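See structure below.
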Amino acid sequence: MKKIFAALLSASFLLSPIVASQASAADHRRPPVVVEKKVVVQKKVVVEKKVVRRHHWSKGYRMSAAERGRYGEVRDYRRYRLAPPPRGYHWVKADNDYLLVGVATGVISSIIAAGR
C-alpha cells in the first residue's frame, strides 16, 4: 500500500507542471473577455424664480430692530460724501440707498440714492 501511495504522490509531483503549463497556454489562446457598461446620467435642472423685493424706503418709515440689524451702518460717511449725522442719528446703507435713521426710534429722516 505504501508503494502505491508513494507512486501516486510522485506522479502527481511530476505531472503538476505539465498540467499547469497546458492551462496557461489555453488561457493565452482564448480571446479576452470584454465587459461593456453603459452608464446613463440624467441631470435634472430645477429653476427657481427668486423674487427680489426691493423695499422702497420713505421718509418717516419706522425700521424694525431686525431691519436695522440686517443693514450695515455707515461709519465712514465722508467717504460716501454724506453729511455728518446729527446727534442720535446714523447713516445706514440699504439696497444701494443711504438712510439717515434715528438710533433709538428707527425712524427714517432722510434718504439719499447711491446712484446720484
Side-chain angles (χ1 to χ4, degrees):
M1 186 72 158
K2 287 183 180 180
K3 289 184 182 182
I4 295 174
F5 182 71
L8 287 175
L9 186 64
S10 63
S12 68
F13 281 125
L14 293 175
L15 294 178
S16 63
I18 296 170
V19 172
S21 67
Q22 287 178 353
S24 64
D27 287 342
H28 292 292
R29 283 185 240 136
R30 278 188 270 158
V33 178
V34 178
V35 178
E36 292 183 22
K37 291 184 180 181
K38 291 186 179 180
V39 177
V40 178
V41 177
Q42 293 180 349
K43 291 184 180 180
K44 184 176 181 181
V45 178
V46 178
V47 179
E48 291 185 25
K49 290 184 179 180
K50 186 175 182 181
V51 178
V52 177
R53 286 188 190 165
R54 184 158 192 255
H55 197 287
H56 295 285
W57 303 106
S58 61
K59 196 172 182 180
Y61 175 78
R62 183 180 301 260
M63 293 178 75
S64 67
E67 287 176 324
R68 283 185 271 165
R70 183 176 18 205
Y71 299 114
E73 180 182 352
V74 178
R75 293 179 189 253
D76 189 13
Y77 51 87
R78 288 186 187 96
R79 178 180 176 191
Y80 301 104
R81 296 183 182 158
L82 299 171
R87 179 174 289 187
Y89 288 88
H90 65 277
W91 287 104
V92 175
K93 183 175 182 183
D95 300 332
N96 283 336
D97 294 333
Y98 294 100
L99 311 173
L100 186 62
V101 179
V103 174
T105 60
V107 176
I108 299 174
S109 65
S110 179
I111 301 169
I112 296 179
R116 50 184 172 140

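Fair warning: this is a prediction, and the values are worked out from it, not measured in the lab.
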Exercise for the section: Looking only at non-hydrogen atoms, find the nearest pair between Val92 and Val74 and report the distance. Expected result: C-CG2, 4.2 Å
Handout entry: Separation of Ile108 CD1 from Arg62 CZ (nearest 0.5 Å)
Key = 11.0 Å
Problem - Parallel, tilted or perpendicular: ring planes of Tyr80 versus Tyr98, cut at 30 and 60 degrees - result: tilted
Problem - Sidechain-backbone polar pair: Arg68 side chain, Val103 backbone, donor-acceptor under 3.5 Å - result: yes
Handout entry: Side chain Trp91, main chain Ala83, donor-acceptor under 3.5 Å
Key = yes
Exercise for the section: Kindly indicate, with the supporting measurements, whether the criterion side chain to side chain contact (heavy atoms under 4.5 Å, CB included) is fulfilled by Leu99 and Met63. Expected result: CA-CA 11 Å; Leu99 311 173; Met63 293 178 75; 4.2 Å; yes
Exercise for the section: Please lay out, stage by stage, how Arg87 and Tyr89 fare under the test side chain to side chain contact (heavy atoms under 4.5 Å, CB included). Expected result: CA-CA 6 Å; Arg87 179 174 289 187; Tyr89 288 88; over 6 Å; no
Handout entry: Which atom of Leu100 lies closest to which atom of Pro86, heavy atoms considered
Key = CD2-CD, 4.0 Å
Practice task
Report the C-alpha distance between Leu82 and Ile112 in whole Å, list the side-chain angles of each, state the deciding distance to 0.1 Å, and finish with yes or no for side chain to side chain contact (heavy atoms under 4.5 Å, CB included).
Solution key: CA-CA 9 Å; Leu82 299 171; Ile112 296 179; 3.8 Å; yes
Fill in the blank from the handout: Of all heavy-atom pairs linking Ile111 and Lys59, the shortest is CD1-N, 3.8 Å
Exercise for the section: With the side chain counted from C-beta on, respond yes when His90 and Tyr77 share a heavy-atom pair under 4.5 Å apart, and no when they do not. Expected result: no
